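Before any comments, here is the structure.
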2 protein chains.
Amino acid sequence: MYTRPRSYHHGDLRAALLTRAEETLREKGPAALSLRELARDLGVSHAAPSRHFKDKQALLDALALTGFDRLATALKASQEGLGESFAERLDAMVRAYVGFALGNAVLLDLMYSIKHDPEASEALVAATERWSDLLVELIVEGQRRGELRAGTTESVGVPIFATLHGYANLAATGMLPPDTDERALDDVIAFILRGAAPE
Amino acid sequence: MYTRPRSYHHGDLRAALLTRAEETLREKGPAALSLRELARDLGVSHAAPSRHFKDKQALLDALALTGFDRLATALKASQEGLGESFAERLDAMVRAYVGFALGNAVLLDLMYSIKHDPEASEALVAATERWSDLLVELIVEGQRRGELRAGTTESVGVPIFATLHGYANLAATGMLPPDTDERALDDVIAFILRGAAPE
DNA sequence: ACCTGAACACCGTTCAAGT
DNA sequence: ACCTGAACACCGTTCAAGT
């Protein structure tokens, strides 16, 4: 029978801290995340984490960073093996984003609330851009194909992103009417293209 | 020269705690909010707040509640003295919501993140419904006037609310491109009605 | 390099006791 | 009723010291 060695974290305490921190976040919420408890869980002294993260905020930043990376990966994956139809690609991207939000509600909250902080790290800004580029590509391509109206990428993209993000956020925080189901997501996707006016 | 009496909080410590807590939230962020510091600022013992809020979460809940109340008031005010045009009313409501979000970014975050907690108080749920009713009214009226497409209130309202909330949230957390200005809000409002498809 | 153990200045919460 | 003061079990952070 294999027993994971007591020295599990040797050379990898940093990664172990991040993994455990995310579990705690998911299971017990952000308020319950304590460096000391993390250290206890991993069997190291309470001062050990400071070797890898200068303070608690640094750990949270790193956690947000992994979140943005995984979000980018998920969004990219959603576009693979698809036809060129913009409607189809948008549908896949929206579902991927909402899926990530539902599966990582607290982490997503953390990812976005970190920006409240004026001194967000460069790495974090870069990670944000990496995935928002995916949305930009989608929009430019949609315009090229004539499936999206003309206009600057920003003027077309910001409303789409707002809708996407808003729905994901509402769903993840449980603010939608309780009987909201799959159909609501279909409504949102259709809305992005044709709006709420009649016809 | 008037000197505020030392006994400022007598009979009103509860309100004083909420007021001061919101100031702290606004000025120093949610992480810096401590019951003990609040008590110090108001010149009472650190145990005094527990007379009015059973724990820290209760104070945060109460704070969120005042937030929802003020949001409802602001949204209601935005509809006063307007014509019957749905487009006009929507415009005013969106601007009011976004204005509130920008002016109360951290509080809004608090208001929505509290719902993560499964045991949100009845009062909080009621406050949420009070303002979301305003949006429902607007939508029903828009449909009656033929300015909004047919469909259940939910299927039409959820996408609109998602867009509204998403834009406000992005703007408040500084996630929009730095050069985003007033025009972006106009784009969002136009988008709600006509979508992103051509024509 | 990486970690420990003790120390410091903070927390939130509880509870007897005061007025 | 409302508040105090002490106590308890936690924090995050720092720093000399160990291997």
Side-chain angles (χ1 to χ4, degrees), chain A residues 4-25 27-65 106 110 113-114 116-117 119-121, chain B residues 4-25 27-65 106 110 113-114 116-117 119-121:
Chain A
R4 173 182 275 166
R6 270 302 273 126
S7 55
Y8 158 63
H9 53 274
H10 279 26
D12 212 9
L13 179 55
R14 198 194 126 94
L17 283 165
L18 285 174
T19 302
R20 190 75 189 92
E22 194 183 339
E23 285 169 20
T24 306
L25 214 56
E27 288 160 16
K28 302 196 278 181
L33 190 64
S34 118
L35 286 180
R36 287 179 101 113
E37 187 173 8
L38 240 42
R40 251 178 270 130
D41 289 349
L42 296 172
V44 299
S45 88
H46 65 260
S50 75
R51 285 294 122 189
H52 303 277
F53 302 102
K54 90 173 210 296
D55 57 19
K56 192 180 184 180
Q57 190 57 50
L59 184 144
L60 294 179
D61 286 355
L63 212 50
L65 201 75
V106 186
L110 180 71
S113 61
I114 271 171
H116 278 293
D117 197 333
E119 62 208 37
S121 75
Chain B
R4 173 182 275 164
R6 274 300 274 124
S7 55
Y8 158 63
H9 53 275
H10 279 24
D12 212 10
L13 179 55
R14 199 194 127 94
L17 283 165
L18 286 174
T19 303
R20 190 76 189 90
E22 195 184 339
E23 284 170 20
T24 307
L25 214 57
E27 287 160 17
K28 303 197 278 181
L33 190 64
S34 120
L35 286 181
R36 286 180 101 111
E37 188 173 8
L38 240 41
R40 250 179 270 131
D41 287 351
L42 297 173
V44 301
S45 88
H46 65 259
S50 76
R51 285 293 124 189
H52 303 277
F53 302 103
K54 89 174 212 296
D55 57 19
K56 192 180 183 179
Q57 190 58 49
L59 184 145
L60 294 178
D61 287 356
L63 213 48
L65 201 74
V106 186
L110 180 72
S113 63
I114 269 170
H116 278 292
D117 196 333
E119 60 209 39
S121 77

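This one's a predicted model, so the numbers in the text were calculated from it and none came from an experiment.
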Fill in the blank from the handout: Between NE2 of A:H52 and C1' of C:dC2 the distance, given in whole Å, is 7 Å
Problem - Pairing partner of D:dA1 (Watson-Crick or G-U wobble, both distances under 3.5 Å) - result: C:dT19
Exercise for the section: Whole angstrom is fine here: how far is it from CZ in B:R14 over to C1' in D:dA1? Expected result: 16 Å
Handout entry: Which atom of A:P30 lies closest to which atom of A:V106, heavy atoms considered
Key = CD-CG1, 3.7 Å
Practice task
Take atom CG of B:L42 and atom C1' of D:dT4, then tell me their distance rounded to the nearest Å.
Solution key: 16 Å
Problem - Over all atoms of both residues, closest heavy-atom pair of A:L18 and A:A62 - result: CD2-CB, 3.9 Å
Completion exercise
Rounded to whole Å, the CZ-P distance (A:R40 to C:dT4) equals 14 Å
Exercise for the section: Could you name each residue pair satisfying salt bridge (charged side-chain N to carboxylate O under 4.0 Å, His left out) that touches residues 27-42 of chain B, not counting sequence neighbours? Expected result: B:R20-B:D41, B:K28-B:E37
Completion exercise
All heavy atoms of B:A64 vs all of B:L110, minimum pair found to be N-CD2, 4.4 Å
Practice task
Check for a donor-acceptor pair, side chain of A:K54 on one end and backbone N or O of A:L59 on the other, with a separation under 3.5 Å.
Solution key: no
Handout entry: Counterpart base for D:dT14, defined by Watson-Crick or G-U wobble contacts under 3.5 Å
Key = C:dA6
Using the 3.5 Å cut-off, write out each protein N or O paired with an N or O of nucleotides 12-19 of chain D and the distance between them.
| residue | atom | partner | partner atom | Å |
| --- | --- | --- | --- | --- |
| D:dG12 | OP1 | A:L35 | N | 3.0 |
| D:dG12 | OP1 | A:K56 | NZ | 3.4 |
| D:dG12 | OP2 | A:L35 | N | 3.1 |
| D:dG12 | OP2 | A:R36 | N | 3.0 |
| D:dG12 | N7 | A:R36 | NH1 | 2.6 |
| D:dG12 | O6 | A:R36 | NH1 | 2.7 |
| D:dT13 | OP2 | A:K56 | N | 2.9 |
| D:dT13 | O4 | A:R36 | NH1 | 3.2 |
| D:dT13 | O4 | A:H46 | NE2 | 3.4 |

Please tabulate, one pair per line, all N/O donor-acceptor pairs under 3.5 Å involving side-chain atoms of residues 44-52 of chain A, not counting sequence neighbours.
| residue | atom | partner | partner atom | Å |
| --- | --- | --- | --- | --- |
| A:S45 | OG | A:A47 | N | 3.2 |
| A:S45 | OG | A:A48 | N | 3.4 |
| A:S50 | OG | A:A47 | O | 2.8 |

Exercise for the section: Give the rounded distance in Å between these two atoms: CG of A:D12 and C1' of C:dA1. Expected result: 15 Å
